[in-house]
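First the structure, in the form of structure tokens, and then the observations on it.
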Amino acid sequence: MHWAEAFFTDDSEEIIATGISPSGPIHVGNMREILTGDILFKASLRKKKKSRFIYLGDDADPLRKVYPFLPQSYTEYIGKPLYKIPAPDGSFPYSEYYLTPFIETLGKLNVKVEIIRSSELYKNGVFAEATKILFENIEKVSRILEEISKRELGENWAPYNPECSKCGKITTTTVTELSFPILKYQCSCGNSGECDVRTDKGKLPWRLEWPAKWFSLGVTTEPFGKDHGASGGSYDTGKKIAEEIFHIRAPKPLMFERILLKGKGVMHSSTGINIAAHSFIENAPPESLRFILSKNQPSRHISFDPGLGLLNIMDEMEKYRKAFFGLDKVSDENLESILFFSSLTGKIEKPLPISFRHLLTLVQIYKDEASIVRLGNLGDENKSVIHEEIEIAKRWLDTYGPDDIKFKLLNEDARVKLTPEESKFISNFLGEMKDMDWSPESIHNVIHESIKSSGIDQQEGFCTFYRVLIGKDKGPRLGYFLFGLGKDYVIKRLQLNA
RNA sequence: GGGCCCAUAGCUCAGCUAGGUAGAGCAUCUGGCUUUUAACCAGGUGGUCGGGGGUCCGAAUCCCCCUGGGCCCGCCA
């Protein structure tokens, strides 16, 4: 059984939650969380469970540091909530600047999720009840944190970080007095003040905010990265607080491994080792990302390769699709589930009449879409899908295409040095092509005949064409290639080099 | 110091939740074919399931120990 379907063992209602901090560009590695959640959500619906799926944007988190992609001037914003500071391009606020492309990306990936900003939860008092309970049990809460996470909280610890009314930071305040719902603080900027913890004038610390979220929203299932799952980590403390303070069951956890960028290491926004999610799905087939995540077990890390590796993924996905429609064979008992969870439309898409790999060749030969459709024998059936696929193929080549898969025609007047055997072969071909039927198949046949009649090595023969036309030793299938270039063009180039 | 994940064919991985004759793709080999940006078709070879112990009629699967690799463990997320 598929991992997502095996995850649910009863028919109770599910509220599946995920959260990603919009503190920077959301990258492919971050997508594992939301897509794992989405796959679980869809699996629960398939099992006829009543379910909701929530994404919580942690926009109330403070800016931690000046990330490498930020100007140095951001030093002044460190410690302030992301939804209260400006974005790098001058727009406002910071959090929406990174949330917007992410939300667009979700749409393109067929992720239908309720989007909630944690700032709203504070503003609307949704956390008020949870906060009250935490304050009422402050002794017990701090003991749990200290015992399970094996750290000391210190004298001035409070279950709430107030925002300084003067400097706006929530990381520099020290609580001096607390009696729910009002708390007094002293800030290192010199200011002191009061704050109502039922409002958005501050924030719960992460280890309390997480279980408070479970309590306030009724979360039953939550996928999260392994960093939360370490012993003594935030899931451990959250679980205990859920059970002993809020008297609820902690959500069923699904811990997933990280996504690595092949050859580079773990994806991280702060190290620069990452691919922005919105950029990947613009420059590669979006369903490939869903396919990768639904096919792999969450517990396994994924070595992500947007170049040649992606082509293999596409080959595999096309094979799966064909197999689903009885046109190929794949021995994977989860074939149908994997395809369903990869789908961008809610149903399993038919395979296109052309592979992504072949399309990459066509878009390099032909400038106009009409020719690609004609030469690829694509028909009118999937016009808009094919249009989109062609655009993606072009962008993929520009963005991730490895050099040995790209080619450019040489200038029309370029001369290439050939051996006598090669020249003879070209001449033979020119002789034979005069009154041939100009179609990909017959071109292919004539090439083979010319190879035989000139006694040249087979591979040499093919190489000769590529050297004359694109200056490389390898290239696209010659029949289609020459056909697309046009008879006149081919004759011209060959005569010049014969 | 603590924790999690991974280890199954040359490579990438299924199979482990509920123990019952060890699987796929790629690579390789054989045969076919009018070879091309990692061609296609048919068939074959290939594994003490990391090591050791235990439970069991029976273990890749469950339990314990060990080894190797990856990752995590103040705050923040």
Side-chain angles (χ1 to χ4, degrees), chain A residues 1-3 5-9 19-24 30 33 56 58-65 78-79 82 118 145 148-154 157 161 170-171 203 205-207 209-210 224-237 253 255-258 260 265-266 269-270 295-303 308-309 311-312 315-316 319-320 329-335 338 355 357-358 360-361 364-365 397 401-407 441-449 451-452 458-459 461-463 465-466 470 472-481:
Chain A
M1 195 189 288
H2 188 271
W3 58 263
E5 288 163 326
F7 182 81
F8 297 110
T9 50
I20 300 172
S21 169
S23 58
N30 299 135
E33 170 144 359
L56 197 66
D58 296 314
D59 62 344
D61 292 349
L63 183 71
R64 263 185 69 202
K65 58 179 180 181
I78 292 176
L82 300 176
S118 49
L145 288 181
I148 298 192
S149 70
K150 307 240 179 346
R151 66 187 169 109
E152 285 189 27
L153 294 178
W157 182 84
N161 298 327
I170 66 171
T171 51
K203 154 181 199 305
W206 161 246
R207 282 183 187 248
E209 188 181 84
W210 204 16
F224 53 85
K226 65 191 299 181
D227 44 341
H228 293 306
S231 171
S234 48
Y235 184 76
D236 268 8
T237 51
M255 200 156 56
F256 54 85
E257 259 288 355
R258 318 178 78 91
L260 304 121
V266 177
S269 40
S270 57
K295 186 164 183 296
N296 285 283
Q297 304 286 333
S299 62
R300 302 191 72 107
H301 77 247
I302 289 170
S303 186
L308 235 32
L311 290 188
N312 289 334
D315 283 348
E316 198 174 15
K319 197 174 163 73
Y320 269 57
K329 267 192 219 165
V330 168
S331 74
D332 185 335
E333 60 162 355
N334 296 318
L335 178 121
I338 290 169
S355 70
R357 215 181 260 280
H358 189 190
L360 291 173
T361 301
Q364 293 183 90
I365 302 177
L397 280 164
D403 287 341
D404 39 312
I405 238 169
K406 294 196 235 183
F407 65 84
E441 294 74 23
S442 55
I443 292 169
H444 192 78
N445 290 338
V446 172
I447 290 168
H448 276 280
E449 283 163 24
I451 283 173
K452 276 177 191 157
Q458 194 164 231
Q459 197 176 341
F462 279 87
C463 284
F465 273 98
Y466 296 123
I470 59 174
K472 294 173 71 168
D473 289 334
K474 293 210 285 185
R477 288 170 178 259
L478 264 187
Y480 285 98
F481 191 33

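Order of the sequence lines fixes the chain letters, A, B, ..., with proteins taken first and strands second; residue numbering starts at 1 for each chain. Because the structure is a prediction, the values reported are computed rather than measured.
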Could you tell me how far apart [X] ([atom1]) and [N] ([atom2]) are, to the nearest whole angstrom?
{"X": "A:N334", "N": "B:rG23", "atom1": "CG", "atom2": "C1'", "value": "14 Å"}
{"X": "A:K319", "N": "B:rA24", "atom1": "NZ", "atom2": "C1'", "value": "10 Å"}
{"X": "A:H358", "N": "B:rA38", "atom1": "NE2", "atom2": "C1'", "value": "15 Å"}
{"X": "A:N445", "N": "B:rC33", "atom1": "CG", "atom2": "P", "value": "15 Å"}
{"X": "A:E257", "N": "B:rG69", "atom1": "CD", "atom2": "P", "value": "16 Å"}
{"X": "A:L56", "N": "B:rA77", "atom1": "CG", "atom2": "C1'", "value": "12 Å"}
{"X": "A:K474", "N": "B:rA39", "atom1": "NZ", "atom2": "P", "value": "8 Å"}
{"X": "A:N312", "N": "B:rU12", "atom1": "CG", "atom2": "P", "value": "14 Å"}

Base partner of [N], which must satisfy Watson-Crick or wobble distances under 3.5 Å:
{"N": "B:rG74", "value": "none"}
{"N": "B:rA42", "value": "B:rU30"}
{"N": "B:rC56", "value": "none"}
{"N": "B:rA22", "value": "none"}

Quick one: label [X] by what it contacts on the DNA or RNA (base, sugar-phosphate, nothing), any heavy atom closer than 4.0 Å.
{"X": "A:P402", "value": "nothing"}
{"X": "A:D61", "value": "sugar-phosphate"}
{"X": "A:D404", "value": "base"}
{"X": "A:S234", "value": "base"}
{"X": "A:G475", "value": "base"}
{"X": "A:Q459", "value": "base"}

When you compare [N] with [M], how far apart are their [atom1] atoms, in angstrom units rounded to a whole number?
{"N": "B:rC41", "M": "B:rU36", "atom1": "P", "result": "14 Å"}
{"N": "B:rA14", "M": "B:rG53", "atom1": "C1'", "result": "28 Å"}
{"N": "B:rG46", "M": "B:rU34", "atom1": "C1'", "result": "33 Å"}
{"N": "B:rU48", "M": "B:rA9", "atom1": "C1'", "result": "13 Å"}
{"N": "B:rC66", "M": "B:rG10", "atom1": "C1'", "result": "27 Å"}
{"N": "B:rA59", "M": "B:rA22", "atom1": "C1'", "result": "13 Å"}
{"N": "B:rG15", "M": "B:rC76", "atom1": "P", "result": "37 Å"}
{"N": "B:rU55", "M": "B:rC63", "atom1": "P", "result": "15 Å"}

Which of these nucleotides, [options], is closest to any side-chain atom of [X]?
{"X": "A:L308", "options": "B:rC76, B:rA24, B:rA38", "value": "B:rA38"}
{"X": "A:V266", "options": "B:rC71, B:rA38, B:rA77", "value": "B:rC71"}
{"X": "A:K226", "options": "B:rC71, B:rA38, B:rU17", "value": "B:rC71"}
{"X": "A:H444", "options": "B:rU36, B:rA77, B:rC76", "value": "B:rU36"}
{"X": "A:M255", "options": "B:rC4, B:rC76, B:rU36", "value": "B:rC4"}
{"X": "A:R64", "options": "B:rC76, B:rU36, B:rA77", "value": "B:rC76"}

Side-chain N or O of [X] less than 4.0 angstrom from OP1 or OP2 on [N]?
{"X": "A:R300", "N": "B:rC6", "result": "no"}
{"X": "A:R207", "N": "B:rG74", "result": "no"}
{"X": "A:R477", "N": "B:rA39", "result": "no"}
{"X": "A:S299", "N": "B:rC6", "result": "yes"}
{"X": "A:Q297", "N": "B:rG15", "result": "yes"}

Determine yes or no for a side-chain-to-main-chain donor-acceptor pair under 3.5 angstrom, with A:E441 supplying the side chain and A:G479 the backbone. no

Do side-chain atoms of A:E333 reach the backbone of A:M1 as a donor and acceptor pair under 3.5 angstrom? yes

Ignoring hydrogens, what is the shortest heavy-atom contact between A:L82 and A:S21? Give both atom names and the distance. CD1-OG, 4.1 Å

Considering all heavy atoms of both residues, which atom of A:R207 and which atom of A:S149 are nearest to each other, and what is their separation? NH1-CB, 3.5 Å

A:V330 vs A:I470, nearer the 5' end of RNA chain B by closest nucleotide: A:V330

Residues, nucleotides or ligands: over 12 heavy atoms within 6.0 Å of A:E449 CD: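 It does: A:E449 CD has more than 12 such atoms within range.
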
Just checking A:K452: does its NZ atom have more than 12 heavy atoms from other residues, nucleotides or ligands closer to it than 6.0 angstrom?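 At most 12 heavy atoms, drawn from other residues, nucleotides or ligands, come within 6.0 Å of this atom.
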
Tell me whether A:K474 is salt-bridged to A:D404, with the criterion being a basic N under 4.0 Å from an acidic carboxylate O.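 A salt bridge is absent here (no side-chain N lies under 4.0 Å from a carboxylate O).
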
Verify side chain to side chain contact (heavy atoms under 4.5 Å, CB included) between A:L397 and A:I405, making sure each step is shown before the conclusion. CA-CA 8 Å; A:L397 280 164; A:I405 238 169; 3.8 Å; yes

